[in-house]
Amino acid sequence: MPQPCGLMRLGVFILLTQSWRSSNFLLSLPVHSHKDDARDFWRLTWNTTETTAERLVEKLQTIGGEGLHLHLDLTAEGFVTLTSGKDFLQLEEVPGDSTFVRWEDLAGHLHGNLASYRPDLALDLELAPFLAGRTSTAEVGLFLLVSPTSKLWRFLPLSVRRVWTRLQNFRLHVMVHYPDDWQPSFWRRHLGSSYPALGGIHWCGAVNRFPALNPWLAERRPWDTYFNKVFAMIAIAEHQRYRWILSVDDDVILPPFALMSMLSIGQRADEANCFAALPLTQNGIPATELFATMWMQLEDRMRLFRCFSDCSGHFCNENGSLMTLCRPNGSRQSTSFVEVPDPWNEMEWYRTLSEQFEMRWWKNHPVAMNQTCMLQALEKGLKELPLYWFADFFDSQQLIVDDRFSYPYFANNVFLIRTDKYREVIQHSKCCFRTDEVTMNVLRHEQRSNLCFVRESFGIHPAWGNFGQDIKHSAEEETISWLKRMAAPVFNTLGV
Ligand SMILES: *[C@@H]1O[C@H](CO)[C@@H](O)[C@H](O)[C@H]1NC(C)=O
Ligand SMILES: *[C@@H]1O[C@H](CO)[C@@H](O)[C@H](O)[C@H]1NC(C)=O
Ligand SMILES: *[C@@H]1O[C@H](CO)[C@@H](O)[C@H](O)[C@H]1NC(C)=O
Ligand SMILES: *[C@@H]1O[C@H](CO)[C@@H](O)[C@H](O)[C@H]1NC(C)=O
């Protein structure tokens, strides 16, 4: 019978004494439609056994109007009263204004509430709509980390579509923390015949749903949407028995052939004792020189390396702050110089950094710290994009293996890693500070494993965030306009 839970902070965990697999679960929310008086709310009830959130919303749309008004405070600071039991969760109305939610965002809200209050049930219900009739032999989880700040990820379906005709060893999981990004209809429309590649959309905007992976970190950063995504990635990969995780940030785009290479390289990467395998991206740390060597015209490459070697080694953004954050050990100066190799030699550069600085600064590189060089790398990379977007699949993939720590640090905005290795990162005693990137590198050093690059790959990550959102945004817009120019008829339907 209903047991009132009293006033609870939104997202506070309900601890269940027993593990519960729902065969019959009801979620209900107070709502009113465009036809009702605002004070006349009724209960929208989702019987999770009977239907999916998406189908429920489709049915509701016959009411007409653009959506529903939820009598809940949807801000993170809001309080929610809820009544709950083993097989139901009833969110009580909040006095005052209601929040309007459009039909296309409503399923996201339903899943979001479920993930907030019943993380024990949420994963099964997120996976359910995508499991019907499928025998999955997938071994790679392709995880897209979506945030509202980037739009580049909207081109991923085009790559997935082409790869799916050749390779079906993977499933795509979309990790979101913002209700508007919960868009199954976007994926259905743009994945087309490759829609079965979609393994699930997952809510990562509430409290950490999988705290058992690292209770200490989950407790310190319960609302951190980045770690919520990382924990969920590992939990889903384990649940679905994916041997590898391919993690892709929302501001990275891989042409079809490169996505194909990344998805098929796992076995070879294991054999080569790779800690992680990275695609070649134009401003990758540390892949930028490999990208230039592999894909840029000689003259462009020489000009870019000259940009690197002409840097002062005294990196500043407009506020002059980057270098003050990273002075050498014990130095009292607010800024410092790093000897810049001329002619450019990245291995020498990384050696100097690793001798003088703590590990977290080893990612400093002109391509990320000097705006001129960053934009030059983008411009030259985009020049090559049309050719490689349409490139054919390669029959074999080769790895470039760094087994000497010539590249002592890698940034983890796009990478392939074995699932059990990623779990080790998250469970590492030093995990983690702002993100898991440094810990990932620490573990690689501890394990003395290799850093690998997928030779037959090509990726564009328009900009690093060091020069502010405006620069990053315009670099991304530039990339999007190239992508649109290449295949206007398809791209115009993507709503970007
Ligand atoms: C929920 O749906 C299932 C399957 O249709 C049904 O057996 C069950 O009675 C429903 N529960 C409620 C409370 O309506
Ligand atoms: C950035 O690179 C350009 C070209 O190499 C150089 O002229 C400029 O001084 C660099 N800026 C800094 C802060 O290093
Ligand atoms: C600087 O600090 C790092 C980490 O604390 C250490 O590994 C490194 O040896 C130090 N370098 C120097 C030159 O003292
Ligand atoms: C520089 O500082 C100003 C004022 O504090 C801030 O608004 C701006 O975002 C900063 N720029 C960058 C690139 O950090």
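If you read the sequence from its start, that first residue is 1, and numbering goes on from there. Read the numbers this way: they start at 1 and go in the same order the structure lists the ligands and their atoms.
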field: Element-labelled atoms of ligand 2 that are located less than 4.0 Å from some non-hydrogen atom of C307
entry: 4 (C), 5 (O)
message: According to ring-ring contact (aromatic ring centres under 6.0 Å, His included), who are the partners of W153, at least two apart in sequence or on a separate chain?
response: F186, W187
query: With sequence neighbours left out, what residues match D251 under salt bridge (Lys or Arg N to Asp or Glu O under 4.0 Å)?
result: K472
query: Can you list the atoms of ligand 1 that are under 4.0 Å from a heavy atom of L26?
result: 13 (C)
message: Under 3.5 Å, is there a donor on one side chain and an acceptor on the other for H461 and E476?
response: no
message: Can you tell me if the gamma sulfurs of C311 and C373 sit closer than 2.5 Å?
response: no
- prompt: Can you find an N or O of N47 that's nearer than 3.5 Å to an N or O of ligand 1?
  reply: yes
task: Identify, by atom number and element, the atoms of ligand 2 in contact range of N370, meaning under 4.0 Å from any of its heavy atoms.
output: 1 (C), 2 (O), 3 (C), 8 (C), 10 (C), 11 (N), 12 (C), 14 (O)
